[in-house]
Amino acid sequence: QDPEIILQVTDNHGHHHLLGTHTERHFRSFVRDYGKEYPTREEYVRRLGIFAENLVRAAEHQALDPTAVHGITPFSDLSAEEFEAMYLGVRGGGGGAQLANGVRGTAEEMEVEG
Amino acid sequence: LPESFDWREKGAVTEVKIQGTCGSCWAFSTTGTIEGANYIATGKLLNLSEQQLVDCDHTCDAKDKTACNNGCSGGLMTNAYKYLIDAGGIEEEDSYPYTGKRGDCKFNPEKAAVKVVNFTNVPIDEKQIAAHLVHHGPLAVGLNAVFMQTYIGGVSCPLICGKRWVNHGVLLVGYGSKGFSILRLGNQPYWIIKNSWGQRWGEHGYYHLCRGRGMCGMNTMVSAVMTQTS
């Protein structure tokens, strides 16, 4: 193997078809509005691809969540995995059980009727 | 219980903060509930330090030893309360400012502005959550944030949202009885939730989530603190 040869292993090239499209115009507005900067052209294209996927995802969320408004947000250039890694941070919440860390159970119930 | 309630109107909530690209939501949720409890106890709203928790808190849950606080890699609010009780308090934001990166612990007990003496989980019944909110101040909450990446506004009430995959820490500050629905599919009661992604996200930094259905697991990880007044 020649160490000088760097192989493309991601699918960046698959997003080139988005260049010059209506989606890219949206993406440019997004980049301008949120002051986004990408170090290389390849990264720009990659983020454009994720942005396009997130537009589809926002439409899906809108269908599933009709009383809210879903669309372009500051996180529209992040994959779901990147978003979770960068902006979410509760660990150990998968069981649904309340972790008490030494305190005795749960607060007493209060009167809530009337 | 009042039909609607909002701790922001009563001055118990600091401005919306920005956690940056750091999984420290648990720290913001923790400081939010302590800021509220301290306000109710003293009448003073202090802006407390998340960075102290990010840098210094490595507490693990007493039962689940794998659930440990780990700076920008995540944590739990109940672990943070335990740390603060043991450490002797929490500094103000000005004395221990947020950087969004984990660094060496620089906590100085002499600069502690608020001391935590106890904490508790809150029952999962949403009327109970409302009662504890009204009586004890803003509550730390964990929820499934899957719909929050694309949320812009309105009342979020997804048809499907996993209740068991709680992955984000936020602050419950109030509730409303009739949420605005842009598609006019009906008004509905909702929770007012403070987030830590800045004011340019959501409803000026807040998330409105429908109330009464345990939506996105918001009722499964609710906690409150008691602070010490000198």
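We name chains A, B, ... by the order of the sequence lines, and we start the count at 1 in each one. Note that these values count all heavy atoms, side chains included, but never hydrogens, waters or copies made by symmetry.
Of the atoms belonging to A:L78, heavy atoms from both backbone and side chain fall under 4.5 Å from chain B. Both the backbone and the side chain of B:S156 have a heavy atom closer than 4.5 Å to some heavy atom of chain A. Of the two parts of B:Q19, only the side chain, counted from C-beta on, holds a non-hydrogen atom closer than 4.5 Å to a non-hydrogen atom of chain A. Contacts of B:S29 with chain A are absent, with no heavy-atom separation under 4.5 Å from either backbone or side chain. Neither the backbone nor the side chain of B:H208 comes within less than 4.5 Å of any heavy atom in chain A.
When the candidates B:P158, B:G169, B:G74 are compared by the number of heavy-atom contacts under 4.5 Å with chain A, B:P158 comes out ahead. Interface summary for chain A: among B:S73, B:G217, B:C68, B:C72, the most heavy-atom pairs under 4.5 angstrom belong to B:S73. In terms of non-hydrogen atom pairs under 4.5 Å with chain A, the most contact-rich of B:H168, B:M77, B:Q128 is B:Q128. Comparing B:Y81, B:W26, B:F147 by heavy-atom pairs within less than 4.5 Å of chain A, the highest count is held by B:F147. If you tally non-hydrogen atom pairs under 4.5 Å between each of B:S196, B:C161, B:C157 and chain A, the highest count goes to B:C157. Contact tally against chain B (heavy-atom pairs below 4.5 Å) for A:N54, A:L64, A:I72: the top residue is A:L64. The residue among A:G71, A:P74, A:A80, A:A58 with the most heavy atom pairs within less than 4.5 Å of chain B is A:G71.
Under 3.5 Å, the side chains of B:H58 and B:N79 contain no donor-acceptor pair of N or O atoms. With no hydrogens or angles considered, a side-chain donor-acceptor pair links A:D65 and A:H70 at under 3.5 Å.
Ring geometry for A:Y34 against A:F30 counts as tilted: the plane angle lies between 30° and 60°, on a 0 to 90° scale.
Partners of B:E126 under the salt bridge (Lys or Arg N to Asp or Glu O under 4.0 Å) rule, at least two apart in sequence or in another chain, do not exist in this structure.
Aromatic pair A:F75/B:W197: centroids less than 6.0 angstrom apart.
The existence of a salt bridge linking A:E82 and A:R46 is confirmed by a sub-4.0 Å separation between a basic side-chain nitrogen and an acidic carboxylate oxygen.
A:M110 places none of its side-chain heavy atoms less than 4.5 Å from the side chain of B:K127. Side-chain atoms of A:L55 and A:T23, non-hydrogen and from C-beta on, do get closer than 4.5 Å to each other.
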